[in-house]
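The basis for the numbers below is simple: all heavy atoms, side chains too, and nothing from hydrogens, waters or symmetry mates. Lettering follows sequence order; numbering is per chain, from 1.
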Amino acid sequence: MHGRLKVRSPEEQQELVRKEKEKKLHSFQKAWGHLVDQRAKGNLSSELLVPTESLLTNVSDLYSLWNYRREILLNDLASCDEDGKKDAICHYELCFTESCLLRDPKSYSTWHHRRWTLLQMVHPDWQKELGLCDQALRMDERNFHCWGYRRFVVEKGSVPLDSELAFSTKLIKENFSNYSSWHYRTTLLPLLFPQAIPEAQIQEELKLVLNAVFTDPNDQSAWFYSQFLVDQIRKADYTEVMRKLVENVKELWEEEPENAWVLHAYVKLLLTNRDLLDTVGKEFIMDGIKMDGIKMDGKEFVSIAVGKLSAQDPLRSGYYHSLKSQI
Amino acid sequence: MDGRDWKRKRRAVDFQRKKHVKFFERTLDGVPGSFGAQETNLITIVYFCVGGLDLLEASDALKKRKEQIISFVYSLQDKSPLTGLARGFFGNLSDTSLNEASNVAAGGFRVGPSIATTFAALNVLLTLGDDLAGVDRSGIAQFLKSLQSPDGSFHVVFPLLSSNPSSQPDDHSEADMRFVFCACAISFTIGDWSGVDIPRTLDFIWRSRTYEGGFAQCPGAECHGGSTYCAVASLKLISSFLQQQPLALPSKRGANHILLDLFETQNQREACSGGGLRDALIRWCVFRQGGGFAGRANKPEDSCYSFWVGATLKLLNAYEFVDEDCLEDFCMSTQDAVIGGFAKWPSTRSDPLHTYLCLGGLSLTARHQPRSALEEMLGFDSALPTTECDGPEKMSPSDPFVLKPVNPAVNISTTAATHLLALLRHRAP
């Protein structure tokens, strides 16, 4: 279901539109009925690829029809004696799915069918598929079908993971807001470093994040990615890295005291690092004013911060107040 | 009267209840023929309309069409006499009528029913108060079994070439969290979980959790409002089955720790800190609200997420974190005051899916639930959170803006859910 702009047409126009729709519907029903009938009779002849194609071109998510197409193709592929012939059949499917994707880049079934096609090929061209992904992501950088397909291509095609990491870095540097490219790193890094992400790499990641949040503290992409990094730092027990991160975020907060994203991140870091919360005598400053003669510890700071967050971001005041239970 | 109360009253006045009822009625009466290619999933549209009319308490509109629709739904049930093959519900008649003419000797080539249309069909029957006596429950459980993938997810349609030993999982239709939810909801409804390998399903769900706190369609993907709902509702349904307790909306005072137990067990497995998995999930959901809810970060708000994300928070007993006024404002801005219904965004055309889900989302707010009727409808968990007593001014049950609440775990109204529970209790040994 897609949002379409409301257009009020005069009655005659509406009647014309209705007649056109009815005509299309009848031809769809006729074609659909014929295919269902043929499939029920077990007809797998390749000439039936043509009518399935014309239906699937107009409507993407007809699961049964894609299944039927795959049955016909499996039958064709089984009777092929040459690799070249097999790949030629698949190549046609690649062209067909590409044209479907141009019309509807978010069709689960079409991406799935393309994935299946690649798996049938003797000599699949994984670089070409990466190119298709690049193209689709240029059109819509948040298309999760395409990102999923890219992960499949990278895995099956043994695409070097560090080149993919570089790809993600390039996208992020072009646009800090590209949430999906930040997300991509969370799947790449564990694959590149199955044991634990080395400290040096974490430092690189933090540089990227801090760069983004210092440039635009209101963009949530880098803040959410930082959660992933905090988890990794905690698991690997990089205490110095954590300490430095908390300091950096504190610095940013002192520059941007009215920014709820920054304060929230700071509060979350304090709650994750109990030693900082429990330290007595450590001074925390609220609103640029050191409480005269009073030294706040982390717990008091968080208590007051929660109130400030609720005022800065009232939509989530209930959630912020719930953080107090973690103190 | 303060500004907030004035806004609430204004929204009640603006709510075009009669138009929404007519919108659903027109859609139902336009069936068949008005949907073009959507015809193959007609039952899904019927589900949105019947469910929507139920939430709007348009009992006359439903009564008028009840017999016809129930008979239509049963006509979709796969009754082909193919020994050992599973049952389910087709999306539309064009699938079944041709299938009945199928050549049995051909060995099973057919346009299979889908897991999604089966889910929709059962929900329509429940909403209309049918006793499901005509449903081939063990057949449907077999159908589900044939759809589960080795990785724990579920495919959408009957696998092709089921007798082909070299058929690969990838030869089949797509499999993801949407259909995991359908499998769980169907199993819960028919009271038969033999079609679901629960440990494998749980494994798939947890592997699909992301660092952001929510759940993706499958492992590795970004988490998303729709898949998060599907995962959490599935966990809820599975936990209800595991503990063999009746379905209940979580209550702050109540004993419903089942879902929380599952989270706690996973917390320990993943050695989580700082609040745990449930807190991370709540945080992610809460940050989807910008007025209305969006499905992912940096995406525009869309009325259907008032259900997907709202219901998730409800299941987690964390709906109190929703800013209900802002949510209501956004939903009302997507109301189509000309033809009725609700749209995805403001100033776009309404459609049955967004209308049903937006109404469902609105029905979760405290404001839409006359207190005594809610307790009555819930029946099995009448302990309400104390904050309800201090809540905003309640509209009287006869107010046009009051909606019947939706049950967040199975996505049917609370009366339909109560009916389902009664059926399950009646069937239990």
Side-chain angles (χ1 to χ4, degrees), chain A residues 1-6 8 21-22 24-25 28-29 32-33 36-37 39-42 55 58-59 62-68 70-71 74 108-109 112 115-116 119 142 144 147-148 151 177 179-180 183 186-187 219-221 224 227-228 231 234-235 268 271-272 314-316 318-319 322 326, chain B residues 33 36-37 39-40 94-95 98-99 101-103 106-107 109-112 114 156-157 160-161 168 170-174 176 210-213 217-218 220-222 224 271 273-275 279 282-283 286-287 289-290 296-299 320-321 323 326 336 338 343-345 347-349 351 353-354:
Chain A
M1 310 269 177
H2 303 283
R4 298 191 310 280
L5 274 174
K6 287 186 278 197
R8 277 179 222 151
K21 268 176 98 176
E22 211 172 272
K24 275 194 182 153
L25 174 65
F28 171 84
Q29 282 177 328
W32 173 261
V36 166
D37 195 42
R39 191 178 182 209
K41 292 182 175 139
L55 282 181
N58 289 306
V59 183
L62 296 175
Y63 315 115
S64 301
L65 216 49
W66 282 110
N67 262 8
Y68 190 19
R70 284 191 282 274
E71 285 170 334
L74 279 172
Y108 285 93
S109 303
H112 179 77
R115 208 183 275 233
W116 174 85
L119 292 173
R142 300 301 302 281
F144 65 75
W147 281 107
R151 279 189 294 273
S177 261
Y179 191 94
S180 303
H183 177 89
T186 69
T187 57
D219 194 281
Q220 46 183 310
S221 313
F224 270 97
Q227 274 173 230
F228 166 75
D231 278 342
R234 196 180 45 81
K235 283 185 184 144
K268 286 300 296 173
L271 290 171
T272 309
L315 211 56
R316 278 164 272 278
Y319 158 72
S322 76
Q326 288 180 34
Chain B
E39 287 281 296
T40 55
S94 60
D95 290 85
L98 287 154
N99 212 62
S102 78
N103 184 351
F109 289 111
R110 57 228 290 259
V111 180
S114 99
V156 62
V157 287
L160 45 98
L161 302 171
Q168 301 298 311
D170 274 306
D171 293 341
H172 304 188
S173 55
E174 52 270 42
D176 56 48
T210 76
Y211 67 95
E212 300 143 293
Q217 284 294 358
C218 58
E222 266 181 71
H224 177 276
S273 78
D279 286 1
I282 290 170
R283 178 170 72 239
V286 156
F287 277 92
Q289 186 169 21
R296 288 188 279 165
N298 289 348
K299 280 289 206 157
E320 69 202 88
F321 299 141
D323 185 318
C326 283
D336 190 327
V338 176
K344 179 185 175 84
W345 299 317
S347 307
T348 47
R349 180 94 306 158
D351 61 66
L353 179 145
H354 286 90

Under 4.5 Å, counting heavy-atom pairs only, tell me which of A/T187, A/L65, A/L315, A/L55 racks up the most with chain B. A/L315
Salt bridge (charged side-chain N to carboxylate O under 4.0 Å, His left out) partners for B/E222, two or more places apart: A/R142, B/R296
Contact class of A/T186 relative to chain B, heavy atoms under 4.5 angstrom: side chain
So which residue, B/C218, B/A343, B/G220, ends up with the most heavy-atom pairs under 4.5 Å with chain A? B/G220
Interface check, chain A: of B/Q217, B/K299, B/Q289, most non-hydrogen pairs under 4.5 Å belong to B/Q289
Check: B/S173 side chain, A/Y63 main-chain N or O, donor-acceptor pair, under 3.5 Å: no
Proximal component of B/V156, with respect to chain A [non-hydrogen, under 4.5 Å]: side chain
Interchain contact, B/A221 with chain A, by part (heavy-atom threshold 4.5 Å): both
Who are the side-chain contact (heavy atoms from CB on, under 4.5 Å) partners of A/S177, not counting sequence neighbours? A/N175, A/D219, B/N298
Is there a ring-ring contact (aromatic ring centres under 6.0 Å, His included) between A/H183 and A/F228? Walk through the geometry before answering. CA-CA 9 Å; A/H183 177 89; A/F228 166 75; 9.0 Å; no
Lys NZ or Arg CZ of B/R283 over A/Y319 ring: under 6.0 Å, within 45°: no
